Protein chains: 2
Amino acid sequence: MPPSLTAENMPVRPRRLVIAGMEGCTNCSVCEVRANGICSALRDDELERLARAAVRITVPPGHIFIEEGSRATDFFNITGGTVKLFKSLPDGRRQITGFVSIGHFLGLAVSDRYAFGAEAIDQVKLCRFSRPKLDSLTEEFPRMERRLLSEAANELVAAQDQMLLLGRKTARERVSSFLYGQLENHHGDVIPADARISFPMTRADIADFLGLTVETVSRTLSGLRRDGLVTMNAGHTISVPSPARLRAIAQGEEG
Amino acid sequence: MPPSLTAENMPVRPRRLVIAGMEGCTNCSVCEVRANGICSALRDDELERLARAAVRITVPPGHIFIEEGSRATDFFNITGGTVKLFKSLPDGRRQITGFVSIGHFLGLAVSDRYAFGAEAIDQVKLCRFSRPKLDSLTEEFPRMERRLLSEAANELVAAQDQMLLLGRKTARERVSSFLYGQLENHHGDVIPADARISFPMTRADIADFLGLTVETVSRTLSGLRRDGLVTMNAGHTISVPSPARLRAIAQGEEG
DNA sequence: CGTGGGTTTGAATCTGTTCAAGGGAGGTGG
DNA sequence: CCACCTCCCTTGAACAGATTCAAACCCACG
C-alpha cells in the first residue's frame, strides 16, 4: 500500500550541502522578516545584538542544507524562498513533513542531532544562528522564547492536521486539503472566490507530502479539474472557482 | 483506502465531560509527577505558588475531558493513567495523534479553541490549571516556559515520526513501530531481550493511531506472532523476544 | 448461563500502487 | 534554428495491500 521505489523517490542522496553566497551579517532591522520571524519578538536595540549572532546564507534549489541525522549545530530563520522538510526510510521512501517559507523558524531538535532533513525548493535565503548563540539570546530575551513556543505550538497543530490527513483521508481529500492549505497561505483566512494559487513544488513533492504517489496526485488533480473544482494554468498555477467547495471536500464533508 | 465507518469508529460522540473526584489542591511537592512534569522546572518554593493555581481531578475510563473545538480554557498535567488525543472528520473517521501518560503536559492551543480531543483510556488523574493562571506563572518562572518549549519540541519530533509512519510505512512496519514505541516507553533506550509490554489501549485505538482498521491490526499481530517476533499473553500483554529485530522491521530495514 | 465488548479469521472488494508508455516544456549544443 | 536530451507531468492497464463485510470466538460480568 505505501509506494516504494520509483524513479522520483530513489535514494538519490544528492549533492551535498553547499552554502553559497555567504553574505555576512546584514542589518536585522531592515530584514525582510523583521515583521514575522522570531525577530518580531525583539525591540530594535535587541535586534542589534541578534544581528551579531546571525549569518545570512543563500541556498540554491535542490540543495539539502540540513542532513537528516547530522549534528544539530545551527538554527535557521527563513528570509526567502520555500523549503521542504522531510524524513526518509533506509530504502528511500520519503515523507515530507512540511513546506516552510518566509518567517519560519527551523532547527528545533530534541537530541543533538536533527531528526529531519531540509532541502531548498527554489532559491532560499536564510539567517543562521549557532545553537549556543541562540541559547544565550533566549536566555537574555525571554520574549523570544515565548515566540518560539508559540511557533512550536503552531507547528504542532499543523502536524496533527497532517496526521489526520495521512491516516484517514482519501486521495481526493488529501489533494484538496493541500490546495486549500496553499490558498490559506497566500490569502489569509478570508479567501476570495476564484482565487489563484501558485506554488513551487513538483508533483513528486506533493505526493511525498500527502503520502501518495506522483501518479495518484496527477490523476486526482485531473479528477478535480474534470469536476470543475480547479482549473490549471501554466507553470504550477491553479485557479479555484469555489474555495468553499474545495474546503468541504478537504474536510471530508462530501464525496 | 482509508477505512470509513465501522462499528468501532462510528460518530458515537459519547458521554459528555464528567469531572469526577474533584479533590482540590494537594501539595505539589509530594506530587507523583514532581520529577517529570512541567513542575520539575521549579524549585520547592515556587511549587507552592503553583499548587495554589492547580486543581486535581480524576477522569473515569472512556470519558472525554477535552472536546474537539471547545474553548481552550485549561491546561492539564497528567499525573496518572493514559490519555488518547485525537482528531475526527465529520463522518466519524478518527485519527489518534498520540497516547500520553504520566508527566505529560496537555493543552497547548494556537487559537482559543482546542484543535484536538482528549479521552481517558483508563482511570486518569490530572492537574488542571486555568489558562490565565498558567500565563502568569510562565511570566513569573521563565524556566517553566523553557520546559514547555522542550516538551513541545519533543512532541514535534514524535509527530514527524508519526507522519512518516502514516504516509509511508506498511501495516507490518506500523504495528512493529507501535510495539517498539511501547517498549521504549516502559524501558528506556536500552531495551532488554525478551522484554514485555503491557498497554491499556484496545485494537481499535491502535488502529486509529496507526491509520489502519482493527482487522488489519489484528491480522498483522497474528502475522508477527507466526513469525516468532512477538508472543501474546493474557490481557493486552505482549512479549518481544528480540527487540532489535522488531526495531529493524519498524524502521523499514527488512520485509 | 446468557450477553456484550473486544478480538480473530475468512472471502470479496476496492482504492491506490506499480509498471509502462507517451507528451510537453525548457535547456544545450550542433 | 532545430535536433536532442532531460525532467516533469499525464494517462492506461494490471496488480496488490488494506478495507469491507460477515461470522465465529473468547472472556469478563451480571
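Predicted, not measured: the structure shown is a model, and the values here were computed from it. Letters A, B, ... mirror the listed sequences (proteins, then strands); counts begin at 1.
Salt bridge present: B:D227 and B:R172 bring a charged side-chain N and a carboxylate O closer than 4.0 Å. Taking the charged nitrogens against the carboxylate oxygens, A:R168 and B:D208 do have a contact shorter than 4.0 Å, which makes a salt bridge.
We find that CG of B:L210 is positioned 12 Å from P of D:dA18, with the value rounded to whole Å. At whole-Å resolution of the value, CG in A:L166 and C1' in C:dG16 are 14 Å apart. Between the CZ atom of A:R168 and the P atom of D:dT19 there is a distance of 7 Å, rounded to whole Å. Put simply, CE on B:M232 is 12 Å from C1' on C:dG6, counting in whole angstrom units. Between A:R174 atom CZ and C:dT15 atom P there is a gap of 14 Å when expressed in whole angstrom units. Taking atom CZ on B:R93 and atom C1' on D:dT19, their separation rounds to 13 Å, with Å as the unit. Protein atom CG of B:N233 is 16 Å distant from nucleotide atom C1' of D:dC26, rounded to whole Å. Following rounding to the nearest Å, A:K169 (NZ) and C:dG16 (P) show an atom-to-atom distance of 14 Å.
Taking the six-membered ring where the residue is Trp, the centroids of B:F65 and B:F76 are separated by under 6.0 Å. When ring centroids are compared, B:F86 and B:F209 stay outside the 6.0 Å threshold.
Pairs of residues two or more places apart, or lying in two chains, that qualify as side chain to side chain donor-acceptor pair (under 3.5 Å) and include a residue from residues 231-244 of chain A are A:N233-A:S239.
A close approach under 4.0 Å does not occur between any side-chain nitrogen or oxygen of B:T213 and OP1 or OP2 of D:dA18. Contact annotation: A:H236 side-chain N/O to D:dC9 OP1/OP2 distance is under 4.0 Å.
The B:L212 side chain lies nearest to D:dA18 when the options are D:dA18, D:dC8, C:dT7. Here the nucleotide nearest the side chain of B:T202, chosen from D:dC8, C:dG6, C:dG16, is C:dG6.
A donor-acceptor pair under 3.5 Å links the side-chain atoms of B:S177 to the main chain of B:A250, judged by distance alone.
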Dump every N/O contact between nucleotides 9-12 of chain C and the protein below 3.5 Å, one line per pair.
from, atom 1, to, atom 2, distance (Å)
C:dT9, OP2, B:S222, OG, 2.3
C:dG10, N7, B:R219, NH1, 2.8
C:dG10, O6, B:R219, NH2, 3.4

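Residues satisfying the salt bridge (Lys or Arg N to Asp or Glu O under 4.0 Å) criterion with A:R113, sequence neighbours excluded, are absent altogether.
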